[in-house]
Amino acid sequence: MDFVKRTIDLAMKNVEEGGRPFATVIVRDGEVVAESPNRVAQTNDPTAHAEILAVREACKKLGTEHLTDCDFYILASPCPMCLGAMYYCSPRQVIYITTREDYAPFYRDDRKYFELDTFYAEFNKPIDERRMPMIQQKSAEAIKVYQRWKELNAK
Ligand SMILES: [Zn+2]
């Protein structure tokens with residue numbers, strides 16, 4: 001099966017239905033395990049990116065958080081959120097079809113604290129130089145949660 005074409009078709013169908021131009025197909029042993037288009041427009045859920053939705057479905061179906069024997073087909077090189085999600089589930093490989101540079105003339109998704117072309121650079125900045133304010137409030141109690149976790153999970 002042509003998984004590149006399937007990914008493009010899934011994204012095109014989504015666009016025709018009012019959705020955003022992204023899709024993900026997750027494949028294992030030549031079979032589709034899970035697939036999803038981006039559903040942010042349909043759900044108002046800003047985390048409903050194609051990769052995230054497909055990862056959730058695949059992990060549920062396979063009963064694991066590790067997708068190490070799966071290949072991911074994604075329409076566009078991933079945003080930082082989806083890149084992080086893919087690192088967590090560790091696919092065998094990720095096949096991306098377009099780059100941000102390819103689609104930048106046709107698609108924008110700028111937010112208060114980033115534009116698509118500055119998003120990755122934000123992560124490289126020291127926390128106090130990032131556009132999104134982040135303030136640490138220390139508490140001596142917090143570490144007890146981790147100490148308790150280790151007590152309950154020590155092997
Ligand atoms: Zn994403």
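We count ligands from 1, going down the list as the structure has it; atoms in each ligand are counted the same way. Just so you know, these numbers come straight off a predicted model, no measurement behind them.
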Check ion pair Glu57-Lys60 (N to O, under 4.0 angstrom)
no
Show me the side-chain donor-acceptor pairs of residues 37-44 shorter than 3.5 Å, one per line, residues at least two apart or across chains.
{"unit_1": "Asn38", "atom_1": "OD1", "unit_2": "Val40", "atom_2": "N", "d": "2.8"}
{"unit_1": "Gln42", "atom_1": "NE2", "unit_2": "Asn14", "atom_2": "OD1", "d": "2.8"}
{"unit_1": "Thr43", "atom_1": "OG1", "unit_2": "Arg39", "atom_2": "O", "d": "2.6"}
{"unit_1": "Thr43", "atom_1": "OG1", "unit_2": "Asp45", "atom_2": "N", "d": "3.1"}

Could you grab the protein N, O or S atoms closer than 2.8 Å to the Zn ion (ligand 1) for me?
His49 ND1, Cys79 SG, Cys82 SG
Hits for side chain to side chain contact (heavy atoms under 4.5 Å, CB included) against Arg108, two or more places apart or cross-chain, chain-then-number order -> Asp110
Flag the pair Glu16 and Lys13 as a salt bridge only when some basic side-chain nitrogen lies within less than 4.0 angstrom of an acidic carboxylate oxygen.
no
Carboxylate-amine/guanidinium proximity below 4.0 Å for Arg92 and Asp69:
no
The remaining residues in the hydrophobic cluster of Val15, counting side-chain heavy-atom contacts under 4.5 Å among Ile, Leu, Val, Met, Phe, Trp and Tyr, are none
